[in-house]
Structure formats: structure tokens, C-alpha cells
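Accompanying notes for the structure given below.
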Amino acid sequence: MAELEGNDAFIDTNKLIFGIGQVQQITGVSGRQLRYWEEQGYIQSISQKKGAAREYSMHTLFFIFHVTRFLRSGFTLQAAVDRAKKFDRQLPVLREFLRSQLKGVDFDKDQSVLDFGYVDSSHTQRIYGVVKDGETFFRIENVD
DNA sequence: TTTCTGACA
DNA sequence: TGTCAGAA
């Protein structure tokens, strides 16, 4: 089982800035909408002063992307934003859990196996997450 | 050329 | 929300 490398970031994602034109191309949201959403307080641009060109953080870009997904699902703008915010709060938790609990990933011919380590402190069982044929499920195995 | 604000449909 | 005008 290969060990997972440390998660030290090589790129400071906080320095990845996007202009409104780039956001339009990437998310498909029009500049008119982006300005309106900001005016309504749904999104924020980096220090939006006077007539200066707006700049968006990568985090905001992701947020906008998620809002559009919920909009396509039929939610109102307000509801889509609420959903996106909720999703945003979940990400750090998911990342923390995976970073600390995922021990490694094995790739077999017909399946991928995620090693989540021991089930408890007794270290008698190990739990795996399996991805096979488009399905996902857990598997617990006794440790020799 | 791109973006900004304001305004009209 | 799209689009247009006039100004950075």
C-alpha cells in the first residue's frame, strides 16, 4: 500500500485571481449577473472599489460555479446561494476527515480501494472504501 | 479591448 | 437579465 504524500500546497490558492471576463468564460455566468449578484450581497469580489475592474478569488469562483449548478437544478437564486454556502461549510470538514483518515489508495484491475485505517483502537479490523463498476461501498476486514 | 456604472425594455 | 451608451 503506497503512502499518501503530505498535503503541503505548492500553490497559494489565495493568490489565484480571476477577472470578470474569466469568470464568465469558466462559469457561463454573465457579467451582468455577476454584478447583480454582488449588488445583492450573494457574492463578493476582492476590494471592489469605484470603477475598478472586479477580481474574484478562486474560492468565489467555486462558489459561483456551485450556485449555477443549483440554479440549473431549479432553485431560486436565493436558495441556490444558501445551498452553495452550506456546501462550502462541508468542504473543510470533508478535507480534514480525508486528510487524517485516508491512509492510501490502491488501484486494482477492476476496482480502486481506499484504505481508511483501523476501525478502532483495538486494531483488529481495518475498513476500506471500494469503488467498483460505478458503485461504492465499504468493506471491513479482520487484521491478522 | 475589456470593464464599469447607470438606464431602459 | 440582456443590451446599449459613454467613460476609464
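Letters A, B, ... mirror the listed sequences (proteins, then strands); counts begin at 1.
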For this session: For a side-chain contact (heavy atoms from CB on, under 4.5 Å) with A:I43, tell me which candidate from A:L61, A:L34, A:V29, A:V23 qualifies.
Result: A:L34
For this session: Please identify each residue that fulfils side-chain contact (heavy atoms from CB on, under 4.5 Å) with A:S45, with sequence neighbours left out.
Result: A:E38, A:Q48, A:R54, A:Y56
Exercise. Taking 5' to 3' order, which nucleotide of DNA chain C is first and which is last to have an atom within less than 4.0 Å of a heavy atom in chain A?
Worked result: C:dT1 to C:dT3
Exercise. Hey, is the main chain of A:R69 close enough, under 3.5 Å, to the side chain of A:S73 for a donor-acceptor pair?
Worked result: yes
Exercise. Okay, side chain of A:D115, backbone of A:G117: is any donor-acceptor separation there less than 3.5 Å?
Worked result: yes
For this session: Using modelled atom types only, decide if a donor and an acceptor are shared between the side chain of A:Q33 and the backbone of A:S30 within a distance under 3.5 Å.
Result: yes
Problem set entry | Rounded interatomic separation in angstrom, taking OH from A:Y56 and C1' from B:dC4 | 11 Å
For this session: Tell me which residues in residues 57-65 of chain A put a heavy atom below 4.0 Å from DNA chain C, sorted by number, or none.
Result: none
Exercise. A:N14 and A:H59: side-chain donor and acceptor closer than 3.5 Å?
Worked result: no
Problem set entry | Co-members of the apolar cluster containing A:V143 [side chain, <4.5 Å] | A:Y118
Problem set entry | Within 6.0 Å of CZ in A:F137, more than 12 heavy atoms from elsewhere | yes
For this session: Could you identify which residues of residues 30-41 of chain A place a heavy atom less than 4.0 Å from some atom of DNA chain C, listed by residue number, or say none?
Result: A:S30, A:R32, A:Q33
Exercise. In chain order, what residues pass the side-chain contact (heavy atoms from CB on, under 4.5 Å) check against A:Q44, with sequence neighbours excluded?
Worked result: none
For this session: Look only at the side chain of A:Q24 and the backbone of A:G31, and say whether a donor-acceptor pair between them is shorter than 3.5 Å.
Result: yes
